[in-house]
Amino acid sequence: MEPIIAIVLALIGYALASAKLVNQGNQALVERLGRYHRQLSPGLNFIVPLVDQIVMEDTTREQFLDIKPQNVITKDNIYLEVDAILFWRITDMVKSFYEIDDLQGSLTQLATTTLREVIAQNTLEQTNTSRMEMDAAILNKLNQITEDWGVQIIRLDIQSITPPESVRKSMEEERAAEIKKRALVSEAEGEREAAIKRAQGTQTSMQIISEALRSHPESKEILRYLVAQDYVVASQRLGESNNAKIVFIDPSKTNEVYDQLIADSISKDTGSKNSENGNV
């Protein structure tokens, strides 16, 4: 019985030593006598103990690298501090192990160098307004190299671009000046539209009054009353002003003044209509 038990135990030990479990999302590489032999897929796999050796097991899922803030100089000689995140995954486990040593360290150095190179080809303004274009350019350059490493760069996101304090102040002042300029332009446009509407309203009122006077001559008394009322209101406002000056009109000539105002209003309206008819 003892030899049988020994054989059974040996078989159990061999099975345990040869069985290798690879988790979902991972792959493993096996070397036989020091040379690459095969690749293990997720699930239960068996190797030859003492002859085969698992030299690498890594994930094929998406990973990321945090690119630490880098000092970069732009095309217009502005120093910036830039940091980014690199998203990548292994597409060929064999290449990622045998073609490059220290894969993550190499990716970090390559991403940093490429980031500096691309930003150095742009001005500060282009760097702030063209991040998507820069990300695409960096991604293209990285994938051209990492393809030989069995790695795909999925995307690179520039998180922040920080210029010096003096440059930030200049940019803030420029933005404030632009906002103030737009506000002044809007205010001027509003005043212009209001003035046009007031003028149109005055013209319409004069036309209505003139038409009423021609149709009903007795309406002059009503108009004289309205003019006098406007004169009183204007005099009150003038009196409230700090720089007001008081103007006296001879009461005996008040009617003459009102008649003259009415006559001027009618003659202006008639002249404008005659000019319109002449143009037609």
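In what follows, every heavy atom counts, from backbone to side chain, and hydrogens, waters and symmetry copies are set aside.
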Exercise. Specify whether F87 and F64 have parallel, tilted or perpendicular ring planes, treating 30° as the upper limit for parallel and 60° as the lower limit for perpendicular.
Key: tilted
Self-check item: With sequence neighbours excluded, residues passing side chain to side chain contact (heavy atoms under 4.5 Å, CB included) with R35
Solution: none
Self-check item: Residue from R38, H37, R32 passing side chain to side chain donor-acceptor pair (under 3.5 Å) with D52
Solution: R32
Quiz item: Which atom names give the shortest non-hydrogen contact between M93 and T59, and what distance separates them?
Solution: CE-O, 4.4 Å
Practice problem: State the CG-CD distance between D92 and E147, to the nearest 0.5 angstrom. | Solution: 10.5 Å
Practice problem: Return the set of residues passing salt bridge (charged side-chain N to carboxylate O under 4.0 Å, His left out) with R155 (not counting sequence neighbours), or none when no residue passes. | Solution: E62, D157
Practice problem: Answer yes or no: is there a donor N or O on one side and an acceptor on the other, between the side chain of N140 and the main chain of A136, under 3.5 Å? | Solution: no
Quiz item: When hydrophobic residues are tied together by side-chain contacts of less than 4.5 Å, even through go-betweens, does I145 share a cluster with F97?
Solution: yes
Quiz item: How many angstroms lie between CD1 in I154 and CD in Q63, if you round to the nearest 0.5 Å?
Solution: 9.5 Å
Quiz item: Partners of K141 by salt bridge (charged side-chain N to carboxylate O under 4.0 Å, His left out), sequence neighbours excluded?
Solution: E117
Exercise. Indicate if I85 and I67 have the same hydrophobic cluster label, given that clusters are the connected sets of ILVMFWY residues with side-chain heavy-atom separations under 4.5 angstrom.
Key: no
Quiz item: Any side-chain heavy atom of V94 within less than 4.5 Å of one from L29?
Solution: yes
Quiz item: Has the side chain of T123 got a donor or acceptor atom that lies under 3.5 Å from a matching backbone atom of D76?
Solution: no
Quiz prompt | Pair Q53-E31, side-chain donor/acceptor within less than 3.5 Å | solution = no
Quiz item: Looking at I153, I100, T112, which one forms a side chain to side chain contact (heavy atoms under 4.5 Å, CB included) with L107?
Solution: I153
